[in-house]
Amino acid sequence: MFESVPVVPPDPIFSLVARFREDSNPNKINLTVGAYKNEKGLTPVMSCVKEAEQHLLESEDSKNYLGIGGLEAFNELTAGLLLGDASSTIRERRSTTIQTPGGTGALRIAAEYLDKLRPERKLWIGLPSWSNHMNIFSQANVEIRHYDYLDKATRTEVDFESLVEALLESNEGDAFLFHTCCHNPSGFDLEIDQWEIIFGFLRERNLLPIFDCAYQGFRDDLDSDVFPLRRMADLGGEFLICSSNSKNFGLYGERVGAITGVCQTTEEAERLGQYLKSLIRAIYSNPPKHGASIVAAILGDSTLRQNWECELQTVRNRIHEMRQLLVARLNATLGNDHFDFLLQQNGMFSFTGLQPQETDRLRDEFAIYMLRSGRINVAGVTHENVQRICDAISTVRKASERPA
């Protein structure tokens with residue numbers, strides 16, 4: 001029955017994480033996995049999450065199924081977090097928010113929507129992007145087109161001309177996938193003036209933007225980080241948002257996310273919500289309850305929310321500090337300013353510019369693990385390991401620059 005199952009290569013990220021676990025080097029460093037790490041190299045549970053869980057433990061009286069759309073309180077509070085509590089879109093009921101199993105689940109439902117209702121339309125994705133984006137949409141039979149998100153020559157800035165060319169080449173009704181902030185994997189975000197140009201093209205060419213919002217609160221603050229969403233809503237645009245609470249609440253293992261549709265009318269929003277639920281019913285039927293209950297408890301309580309925002313700011317500040325420390329030490333160790341471009345990046349991830357052969361040496365000789373693309377998780381850098389990282393990068397970089 002299974003002799004025809006093809007051999008599929010392991011996921012490059014998770015296989016590298018497994019290899020890291022098996023490494024016996026006591027000084028090994030993990031710059032791979034996309035989860036926040038504190039100074040001790042641990043992914044902590046936020047204090048506000050612990051407090052919310054304690055409240056749930058004392059008050060929860062049922063483990064019954066949620067509805068197909070998930071926890072209503074979570075959906076309402078998530079819409080406010082994304083679009084703003086004073087949003088006219090929410091007040092006029094022109095949006096619909098549905099809980100999903102993480103941001104990945106939201107993206108898969110968006111993919112199913114494109115496949116079922118817009119099969120002749122293409123989805124445009126800038127490269128590089130999160131590697132699973134292509135998997136999710138291609139598995140749903142969505143036709144994908146690419147453009148260069150980063151300048152090919154240097155990979156140290158956004159190739160905005162390539163994005164504009166893609167917008168001009170697209171057909172009416174095509175979809176574009178955008179990272180709201182903290183671009184994964186590069187860390188390079190679009191600027192406000194570039195977003196304004198994009199919004200003009202989206203309206204003029206009747207294109208559907210799909211926003212992957214996985215890192216709200218990891219760049220500047222909760223409101224500024226979702227500027228594209230709120231600005232697009234203010235302009236009367238129609239779009240989908242695939243959001244995740246894994247990072248900003250530290251709820252990686254709880255799989256908490258949502259898909260939000262912003263429409264022109266209340267009636268359209270209601271129809272879209274019902275249709276998305278029909279897709280969900282055939283895939284996973286009901287989302288998990290615990291994580292969404294935690295988020296709803298925190299966002300719905302003024303004290304817990306204030307504590308959460310303070311803890312999130314601590315996370316954000318540490319990432320900023322480690323990025324600046326890494327650049328300063330790299331430049332000092334190498335004796336140049338070649339890594340200053342890292343300061344222009346945002347969020348947990350950075351493209352270092354390291355080549356695959358250099359990342360291989362860092363892994364094999366120094367037990368420093370990162371993707372072969374040179375992407376690192378900045379949160380994996382600590383005061384204790386930063387100089388070891390810089391010394392190792394200096395060694396492999398100077399060796400690669402040496403004439404053969």
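FYI, side chains are in, hydrogens and waters are out, and symmetry mates aren't considered; it's all heavy atoms of this structure.
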| request: Give a yes/no verdict on a cation-pi contact between K28 and Y369, requiring under 6.0 Å between NZ or CZ and the six-membered ring centre and an angle within 45° of the axis. | output: no
Are F349 and H183 an aromatic pair by the rule of ring centers under 6.0 Å? no
Taking the six-membered ring for Trp, are H179 and H133 parallel (under 30°), tilted (30 to 60°) or perpendicular (over 60°)?
-> perpendicular
Result for side-chain contact (heavy atoms from CB on, under 4.5 Å) between E60 and one of H55, E53, K289 points to K289
Relative to each other, are the rings of W195 and F178 parallel, tilted or perpendicular (30° and 60° limits)?
perpendicular
Query - NZ/NE/NH1/NH2 to OD/OE distance under 4.0 Å, D115 and R108 - result: no
Here the gap from L342 atom CG to R323 atom CZ, rounded to the nearest 0.5 Å, amounts to 6.5 Å
Counting heavy atoms not belonging to F14, are there more than 12 under 6.0 Å from its CZ?
-> no
- Task: Answer yes or no: does atom CD of Q139 have more than 12 heavy-atom neighbours from other residues, nucleotides or ligands under 6.0 Å?
- Result: no
Q.
With a 3.5 Å distance limit and no angle check, can you tell me whether Q99 reaches the backbone of L71 through a side-chain donor-acceptor pair?
A. yes
Closest non-hydrogen contact found for G291 with L251 is O-CD1, 4.0 Å
Minimal heavy-atom distance between P209 and F239, with the atoms involved, is O-CB, 3.3 Å
Between E268 and R94, does any side-chain N to carboxylate O distance fall below 4.0 Å? no
